[in-house]
Amino acid sequence: MRHVAPQPTVEDIETLIAPFLALEGPLLPILHALQEEYGHIPAQAHVPVAEALNISRAELHGVISFYHDFRDKPAGRHVLKLCRAEACQSVGGAELAAETLARLGLDWHGTTPDGALTVEPVYCLGLCACAPAAMLDNRVVARVDAAKLDRLLAEARA
Amino acid sequence: MKLRVPMDSAARALGADEVVDALVAEAGRRGQQIEVIRTGSRGMVWLEPLVEVEIDGIRHGYGPAGPEDAAAILDGTSVKALGPVADLDWMRRQTRLTFARVGVIDPLSLAEYEAHGGLAGLRRALAMTGQQIVDEVKLSGLRGRGGAGFPTGIKWQTVHDAAGPQKYIVCNADEGDSGTFADRMLMEGDPFTLIEGMAIAGLGVGAARGYVYLRSEYPDAIAVMRGAVLTAREAGLLGRDVLGSGRAFDMEIRVGAGAYVCGEETSLLNSLEGKRGVVRAKPPLPALEGFLGRPTVVNNVISLATVPVIFEKGAQHYADFGLGRSRGTVTLQIAGNVARGGLFETAFGISLGEVVNDLGGGTASGRPVKAVQVGGPLGAYLPVSRFDAALGYEELDASGGLLGHAGLVVFDDTADMLAMARFAMEFCAVESCGKCTPCRIGAVRGVETLDRIAAGDPAALPLLTDLCETMKDGSLCALGGFTPFPVMSAVTHFPDEFARLKEAAE
Ligand SMILES: Cc1cc2nc3c(=O)[nH]c(=O)nc-3n(C[C@H](O)[C@H](O)[C@H](O)COP(=O)(O)O)c2cc1C
Ligand code: FES
């Protein structure tokens, strides 16, 4: 089943962001907290966040859209990031990524029809001495080959 | 029985947690008492997961270990035995100053940190004036390890001299370059070193607050750093009264959001302030108008984490290592298609060939080495004919290379250099902050032009050369300004790959 978009109320958002308002430069911590809680930055959060920080909604939108991490829609239940950067390419990372996407019938950023898995590119996971590298949710995997990928995909779609 | 297994994310990505589970289960079956301590990684990534068993105070290594090796490791009969870890060639040949404790101690044990020399530097700095601290850093010859190699002491002097009620220390832990992982290993393996370095920087320039801007791609490093900051605060190492000195310094960990350009210092500051991570025009220098417009030191993780050992052992001790104007040690990250990859800390001056062939053991595939990209996605591809180049800032520059954050990515002879050049442009296009045209538009044109070259268009190569000149001269920061280096180095050193296709197409 596809993640059902949550419908947070203004009060929910205000409660969530309150602890961050005293920080210097609170916006990124707030956006991370929202995404952690809801899996994306819900549209309902825009007005309360912009008001709390005294910025325009256009400015807020500009920030959210600048960063690769922040999504305006929920992702699949699991997110698989495959490293596309040079060290991973030097040991076949690009071919592995292409095969994986083809197998799933997805393009980068795509989600499987069952809503189980979103595949995203990442540019280096700091595992360049044991490449190719991948990350399933927050778990890193190194020296990824077809067999390891099979296990990851099975786990994500179970 | 005391065992150590890394919790470094490279070791975990290679199965260290499963090895620990197997060791604990096997010991349980035998009713044997074991203590497993999680450490950082020694940096021998090809031996990870590396299990260390302590016998009479000496640590004996077993690796690369899998869960199936647990019983034999506990018996001392495993074929994965490597002997005492400190006697391994890779360890003996290093000068581990910045990384002295990484892989040795429990990263979150402040007691172990102190027992291995930690806090000695900060205690010494607490007895010095700000100017004396800055002078010590100048004397050490330390230069920024984030890429540009700017003298750290001079940057600190500017912030020290700047007037302002509030100044900041910002640690750049965005480490986005492919082929680099020294920042990650240091933060995961010895976080108190970074905290101590930032506290000394704060005392030196008169800053009471610090931030670490840490990339979101490093969840393990984020967790370790956050844990270490809490422990440091509880122990009075951070806070209003640093180690009872009456001087204040506190810091926070902030998480990036997946933008490579946010490693550029002015873009990083915008991001930290909660804005789009676009590059700011310089001047004003961040040293004068940085975070929230206030005087700010922005330094790389390794620059700041090297400060404690400079104060512990003395600036001269540090400056005595190195070559030319590159003083001290370089934390090489050997990566890509290489037999023995990992982190190797040594005095500046070692040759590229010694690193790749001798330390790295050539390619992992066993095929001939074709090229090495040094210094991340903005660094040049160097062919084997440049292997005599010495690894120092000026020396590598003279060989057409860029040392950068000292990552080396090895490629074997199957590498497609046109594809790598295209990737450099594509990466620049994906990651451009969009503020300046040469980078934003130039990178997109670069991809198109390389596709024309691949399709055999003879007019496209001069166009690419022109485009690269425009990007070099007209870009606001080194993202657009340096992307031409990997591209043109591929063209220069591997011209056939940009011409052969033309013939094929004709
Ligand atoms: C596109 C781009 C990305 C950068 N990424 C990083 C990075 O990830 N880490 C880093 O320390 N410096 C990075 N830098 C260099 C910083 O702008 C800056 O020079 C550095 O943080 C200063 O610290 P240092 O003097 O200690 O090296 C980058 C520069 C550019 C142009
Ligand atoms: S390049 Fe893929 S992990 Fe660094």
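All values reported here derive from a predicted model rather than from experimental measurement. To find a chain, count down the sequence lines: A is the first, B the second, and so on, and within it residues start at 1.
Of the listed residues B:Arg340, B:Glu48, B:Glu273, B:Arg184, the one with more heavy-atom pairs under 4.5 angstrom with chain A than any other is B:Arg184. Of the listed residues B:Gln333, B:Arg215, B:Met185, the one with more heavy-atom pairs under 4.5 angstrom with chain A than any other is B:Arg215. Contact count versus chain A (heavy atoms, under 4.5 Å) is highest, among B:Gly176, B:Pro377, B:Gly342, for B:Pro377. Highest contact tally toward chain A, considering only B:Gly277, B:Ala335, B:Gly341, is held by B:Gly277 [criterion: heavy-atom pairs under 4.5 Å]. Ranked by heavy-atom pairs under 4.5 Å with chain A, the list B:Gly360, B:Gly256, B:Ala182, B:Ala221 is led by B:Gly256. When the candidates A:Asn138, A:Val140, A:Leu31 are compared by the number of heavy-atom contacts under 4.5 Å with chain B, A:Val140 comes out ahead. When A:Cys83, A:Ala142, A:Ala134 are compared by the number of non-hydrogen pairs under 4.5 Å with chain B, A:Ala142 comes out ahead. Interface remark: of the candidates B:Tyr211, B:Trp46, B:Tyr260, B:Tyr211 forms the most heavy-atom pairs closer than 4.5 Å to chain A.
Remark: B:Asp17 engages B:Arg12, B:Arg38 in a salt bridge (Lys or Arg N to Asp or Glu O under 4.0 Å) (not counting sequence neighbours).
Here the side chains of A:Glu86 and B:Pro486 are not in contact, with every heavy-atom distance at 4.5 Å or above. No side-chain heavy atom of B:Glu252 sits under 4.5 Å from any side-chain heavy atom of A:Glu24. For the pair B:Arg254/A:Leu28, no side-chain contact is recorded, criterion being any heavy-atom separation below 4.5 Å from C-beta on.
Using a distance-only test at 3.5 Å, with no hydrogens or angles considered, no donor-acceptor pair links the side chain of B:Arg276 to the main chain of A:Val63. Side-chain N or O atoms of B:Asn337 include none that pairs as donor or acceptor with a backbone N or O of A:Val91 at under 3.5 Å.
When the heavy atoms of residues 48-61 of chain A are compared with those of chain B, none of the residues falls under 4.5 Å. Residues of residues 97-109 of chain A having a heavy atom under 4.5 Å from any heavy atom of chain B: none.
If you take CD on B:Glu217 and NZ on A:Lys81, they are separated by 6.5 Å, rounding to the nearest 0.5 Å. In this structure, OG on B:Ser271 lies 7.5 Å from CZ on A:Phe66, to the nearest 0.5 angstrom. From A:Arg143, atom CZ reaches atom CG of B:Leu14 across 5.0 Å, with rounding to the nearest 0.5 Å. Rounding to the nearest 0.5 Å gives a distance of 11.0 Å between CG of A:Leu27 and NZ of B:Lys275. Atoms CZ and OG, from A:Arg139 and B:Ser9 in turn, are 13.5 Å apart once rounded to the nearest 0.5 Å. The distance from the CD atom of A:Gln89 to the CZ atom of B:Phe411 is 6.5 Å, given to the nearest 0.5 Å.
For chain A, the nearby parts of B:Ala10 are the backbone and the side chain; heavy atoms of each come within less than 4.5 Å. When heavy atoms are compared at a cutoff of 4.5 Å, B:Leu272 approaches chain A solely by way of its backbone atoms N, CA, C and O. Heavy-atom distances place the side chain of B:Val261, and not its backbone, under 4.5 Å from chain A. Only the side chain of B:Glu426 comes within less than 4.5 Å of a heavy atom in chain A; its backbone stays farther off. Contacts between B:Asp177 and chain A at a heavy-atom distance below 4.5 Å involve the backbone alone (N, CA, C, O). B:Val45 touches chain A through backbone and side chain together, each having a heavy atom under 4.5 Å away. Heavy atoms closer than 4.5 Å to chain A are found nowhere in B:Val338, neither backbone nor side chain. With a 4.5 angstrom heavy-atom cutoff, B:Ala415 does not touch chain A via any of its atoms. For chain A, the nearby part of B:Cys262 is the side chain; its heavy atoms alone come within less than 4.5 Å.
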Hey, can you pull the donor-acceptor pairs under 3.5 Å for the side chains in residues 119-133 of chain A, sequence neighbours left out?
unit_1   : atom_1 : unit_2  : atom_2 : d
A:Glu120 : OE2    : A:Arg71 : NH1    : 3.0
A:Tyr123 : OH     : A:Arg84 : NH1    : 3.1

